[in-house]
Amino acid sequence: MPKKSKKQKKQNEVNFTGGDMYVQGEISGLMRLKDKFFNKDTAFTIEERQLLGIHGLLPPVVRTIEDQVELCFMQFLDIDEDLMRYCYLIRLAARNERLFYKLLATHGDKCLPYVYTPTVALATLHAPYVFQFPVVLFITIEDKGHVYNVLKNWPQPDVRAICVTDGGRILGFGDMGLHGYPIPKGKATLYTALAGVRPHYCLPICLDVGCNNSEVREDPLYMGLKRKRPARAEYDEFVDEFMEAVVSRYGPNCLVHFEDIGNTDAFRLLTKYRFKYTMFNDDIQGAGVVALAAIASAANISNTKLEDHRVLFQGAGEAALGIANILFIALKTEGLDDNEARSRIWLRDSKGLVAYNRPQGHLSEYKLAFARKRAAIEKLEDCVREFKPTILIGVSAQHGSFSREVLELMALYNKRPIIFAMSNPPSKAECTAEAAFTHTRGKCLFASGSPSPPLVYAGETYHITQVNSLYGFPGIVMGAIACCISHLTPGVFIVASHTISSLCTDDDYHQCRLLPPLNKLTLCAFEIACNVVEYAYKNNLARRKPDPIDIRAFVKHQMYDLNYEAAIKTWLQEYEK
Ligand SMILES: O=C([O-])CC(=O)C(=O)O
Ligand SMILES: [Mg+2]
């Protein structure tokens, strides 16, 4: 925003505040109608319309934001196709941002699955079709050398949280290249919808470094660079330049959330950056936070301790290792030594049990940490027979890999087998809720990665827990940016995980819910944010000084205001700077 002299500012002011009217500043009426940040649609009062010169451009009706929300909700419900519901919502967000977030705040249970999992998966499959300007910043490998200049083109100057993907491993689909861009958009929307992060602080970014999936890349409608991914050295140089440009443009407190990056790149970047920048990887650390909370609940329901459990992972990628690592820390906190803690964790990847001496040879250092000193076992069924896990976690994107035999074995060895089929979208899930309940004869404590309706089995209704990082990352991001955290240490993720499980009630346990119900997601985000802030100040990780006296008020004060009038107030604060 250009700086104005005091005198100029005075001249430009049309300051008329009477009743609920709030018309101030030099922004023209038409500009307010066209700008998602200021637009109130039919909520502009007649007086405002006259003062702003937009009288006649709207029908004479004046609605409250609550009435507008209900109207939008009716329109939304009238749409039959999932992808069209997604399009409706992103168009509303582009036209009237506050109304969009108010709709999500009012009807989150119905609307969130259409801006996030599972519908966001459809959006990536139809990326050219749903593309809308400007929702995501695209930085390509051809911008190498001037990444900072591209970053500068983003219209909002005060970015505090970036969600970035390179499209390398989009959900369970693998490499989608630039067509993965709806993912960071969806995640950033949840920062605001669930945790109240102000939308102009959020920047979703897609790094386009090419795509190794020829089917995606050669599609005539493909929107990204038609090239393969570069060699590691060039990729790393590009991402290093990106991180440096973020710090130059937005300062060291700007949080970078990595999302759906290819497996080896994700681990390498996390190891390299975690103590250098304010960053985290949601597929690794975020998945760990939420899965650990659900495991803690399952242990509670079955009257056991964490150390009584044996966990077998189907899949040894980002989520598996993220969960295994946080579980390892939690087990050690319960008093187990390294070997005892590791002995409770088995991983199975596409080649079989992760074991030192298996013939397929090389294991990444991240898998090696959990490799077993024993003979290789190939089939999942045989791993279950051998290890007799109490918990089976599916993070492999191998649809149907929790076969009838696997599920029956789990029921044979356990009074309450704990089964998480976490892969997304549902077409990639290891099993359905119905299969899990049927083949364990209703004994299982089950969770999926996407939202599922309640299941009726043998006359009983069961709520299906959604073990998805949406319980964790919005609050972590809010807490981190509220106190300007320097680094996200393992303790931050443990605090977030404990916060989630502490919000489960006896009633939830009674209904076999392993996480709080979805209508408590905003509460969850707020409590996580407060606890992360508290932890950061206690552990000398917070850069914002002085320490707040009242942490809850401190966080609340920084949250997005869903009232229209707040748009003008925020604008004036910026203007006065
Ligand atoms: O987006 C989701 O629902 C969970 C997630 O991060 C993934 O599957 O990569
Ligand atoms: Mg992800």
Side-chain angles (χ1 to χ4, degrees), residues 82 86 108 111-125 127 136 162-177 179-191 193-194 204-207 256-263 265-267 269-270 279-294 313-323 326 393-399 420-430 447-452 464-477 493 496 500 515 518 521:
D82 289 355
Y86 175 88
C111 296
L112 282 181
Y114 295 91
V115 289
Y116 183 66
T117 295
T119 312
V120 73
L122 268 183
T124 64
L125 297 174
V136 174
I162 289 174
C163 181
V164 63
T165 190
D166 69 353
R169 196 281 287 145
I170 292 297
L171 306 171
F173 295 140
D175 189 352
M176 299 281 293
H179 283 190
Y181 80 81
I183 298 292
K185 176 62 194 160
K187 297 262 171 184
T189 300
L190 262 51
Y191 297 171
L194 298 181
I205 294 184
C206 182
L207 298 179
V256 184
H257 156 179
F258 281 78
E259 187 68 42
D260 289 9
I261 306 280
N263 206 319
D265 294 328
F267 285 109
L269 297 176
L270 181 60
M279 62 82 64
F280 74 106
N281 181 304
D282 185 52
D283 299 295
I284 301 173
Q285 295 157 304
V289 164
V290 181
L292 179 63
F313 289 89
Q314 158 72 345
E318 296 166 49
L321 288 165
I323 302 166
I326 198 167
I393 298 185
V395 274
S396 63
Q398 296 298 308
H399 182 62
F420 298 173
M422 284 177 62
S423 292
N424 276 322
S427 62
K428 299 284 176 187
E430 287 71 15
S448 60
S450 291
S452 290
I464 308 299
T465 303
Q466 183 189 2
V467 179
N468 184 293
S469 66
L470 91 165
Y471 277 93
F473 72 82
I476 294 172
V477 169
F493 299 104
I500 300 169
L515 294 171
L518 290 168
L521 281 170

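Computed over heavy atoms, backbone and side chain alike; hydrogens, waters and symmetry mates excluded. Note that ligands are numbered from 1 as they come in the structure, with each ligand's atoms numbered from 1 the same way.
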Quiz item: ligand 1 versus Ile170, non-hydrogen atoms closer than 4.0 Å: side chain, backbone, both, neither?
Solution: neither

Quiz item: Does Asp260 bring an N, O or S atom to under 2.8 Å of the Mg ion (ligand 2)?
Solution: yes

Taking the side chain as every heavy atom from C-beta outward, state whether [X] and [Y] have any pair of such atoms under 4.5 Å apart.
| X | Y | value |
| --- | --- | --- |
| Val467 | Leu515 | yes |
| Phe473 | Glu259 | no |
| Thr189 | Tyr116 | no |
| Ile326 | Phe493 | yes |

Exercise. Please determine, by modelled atom types, if Ser423 and Glu430 share a side-chain donor-acceptor pair under 3.5 angstrom.
Key: yes

Quiz prompt | Nearest atoms (heavy-atom pairs only) where Tyr191 meets Cys163 | solution = OH-CB, 3.3 Å

Quiz item: Looking only at heavy atoms, what is the nearest atom pair of Cys206 and Tyr181, with distance?
Solution: CB-CB, 3.9 Å

Self-check item: the Mg ion (ligand 2) - name of the N/O/S atom of Glu259 that sits closest to it
Solution: OE2

Practice problem: Check Asp283 and report its N/O/S atom nearest to the Mg ion (ligand 2), by atom name. | Solution: OD1

Practice problem: Closest by any non-hydrogen atom to atom 7 (C) of ligand 1: pick that one out of Asp283, Asn424, Val395. | Solution: Asp283

Quiz item: Any idea which protein heavy atom is nearest atom 8 (O) of ligand 1, and the distance to it?
Solution: Leu171 CD2, 3.6 Å

Quiz item: Would you say Glu318 contacts ligand 1, with heavy atoms under 4.0 Å as the rule?
Solution: no

Practice problem: May I ask you to check whether Thr117 has an N/O atom sitting below 3.5 Å from an N/O atom of ligand 1? | Solution: yes

Quiz item: What are the atoms of ligand 1, with element, lying closer than 4.0 Å to any heavy atom of Lys187?
Solution: 1 (O), 2 (C), 4 (C), 5 (C), 6 (O)

Quiz prompt | Sub-4.0 Å atoms of ligand 1 with respect to non-hydrogen atoms of Asn468 | solution = 2 (C), 3 (O), 4 (C)

